[in-house]
Amino acid sequence: MSTTEQLDMIGIDRLREIGSVKWSRFPHAIGAFVAEMDFPAAPAVAEAVKGAVDGGLTGYLPTAVSDRMAEAVSRWQCDRYGWDVPVERIRPVPDVLTALRSTIDFFTEPGSKIVLPTPAYMPFLTIPAMHDREIIEVPMLLDDGRYVYDLDGIDRALGDGGGLLILCNPYNPVGRVFERTELEAVAEVVERHGARVFSDEIHAPLVFAPHRHVPYASIGPEAAAHTITAASASKAWNLPGLKTALVILSNDADAETWTRPEVSWAEHGTANLGVVATTAAFDDGREWLAETLDYLDGSRRLLGELLAAHIPGMGYRAPEGTYIAWLDARGLGIDGSPADFFREHAGVAMTDGIACGAAGEGFLRFILATPRPIIEQAVTQMAQALRERTAG
Ligand SMILES: Cc1ncc(COP(=O)(O)O)c(C=O)c1O
């Protein structure tokens, strides 16, 4: 059976039985609001995790095991993106948001503001306040339907006390994969202000040809000197519950800072099984990833066809990377929250764009890493809800 046939066969009952957050929070709705994949784990990853449990690797994280992960990540960065990262500069952390919190605490000036392009991944809007930091939202601009950075806006925000720019590439929620020239333009602005960048590259393995991921810190020595990069296998191989991500340090000063015990404390809580799974994913899960990306590629196109046929008023541009669809519901004439409308009347649970900042108002975030028949069912139910509203 082909990968497509296998994935297409996974039904809603099975997904509810597994009971992920996406499929259990709203028991009567199609779950499309959490960035999780509904596909079984890559065999190489599953075997590695089973092997670790059978082999008794359930104590604290041994250095040799995390070193092996750093080697696998270094190989991945080099093979995929031509970025040479010394193994000792790749540090384990439990998750990307821990990396962000440490970056705010230890790599920015106290009291400096966080510059956040919006619409943004939701926790980016809430975490800075936990560190007594103000956010300056800089809405992205639309260039012929494609989201681009507002460089003047970023420039103004950095001039207005901004100390850290949060970059997300590939971009959750709008699906952009930034070109080298775009990243270079950002680096130039950041450098002018002596600011820092947190580059969240958690979705990097999920990029559709002809787009290519370019690690921000790899574009030149200045970007390397002002950046903390976060990477992970958790999105592409669906491992967020295994609590493992990576911080990549790209300059001597940051590597030195990381050796301070209160800074490297961020490594605490990284899970053995996640480390083993991540190593297997980057080294031995490449073929699985290619097949999964093929499937997702078909799905992002299918979603476009279905929307054009059944909800032509819904704006959609297929993501260049990630499995997140950013839907423009502003033309549908829905009063109030479009996410509430579709959850209540169509049985489809999505994230309301407003949760991604004011720039997301009227939009929806739909996770398309689900079997294609479920995408079809979701669109059919949404179209039906819109028809019934008109009829009513
Ligand atoms: C852009 C982005 N960053 C971070 C995260 C969260 O990652 P973690 O679970 O490693 O903190 C997500 C999860 O969806 C994400 O999309």
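Counting starts at 1 for both ligands and their atoms, in listed order. No hydrogens, no waters, no symmetry mates; every other heavy atom, side chains included, goes into these values.
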message: Under a 4.0 Å threshold between the charged nitrogen and the carboxylate oxygen, would Glu47 count as salt-bridged to Lys50?
response: no
query: For Phe198, what residues pass the ring-ring contact (aromatic ring centres under 6.0 Å, His included) criterion, not counting sequence neighbours?
result: none
query: Hey, are Glu376 and Arg372 close enough for a salt bridge, meaning a charged N less than 4.0 Å from a carboxylate O?
result: no
query: Distance-only, no hydrogens or angles: does the Arg16 side chain make a donor-acceptor pair with backbone N or O of Trp23 under 3.5 Å?
result: yes
query: Which protein residues have a heavy atom closer than 4.0 Å to any atom of ligand 1, listed by chain and number?
result: Ala35, Asp95, Val96, Leu97, Tyr121, Cys168, Asn172, Asp200, Ile202, His203, Lys235
salt_bridge(Glu201, Arg80) N-O dist < 4.0 Å: no
- request: Identify which one of Tyr316, Tyr171, Tyr147 satisfies the side chain to side chain donor-acceptor pair (under 3.5 Å) criterion when paired with Trp326.
  value: Tyr147
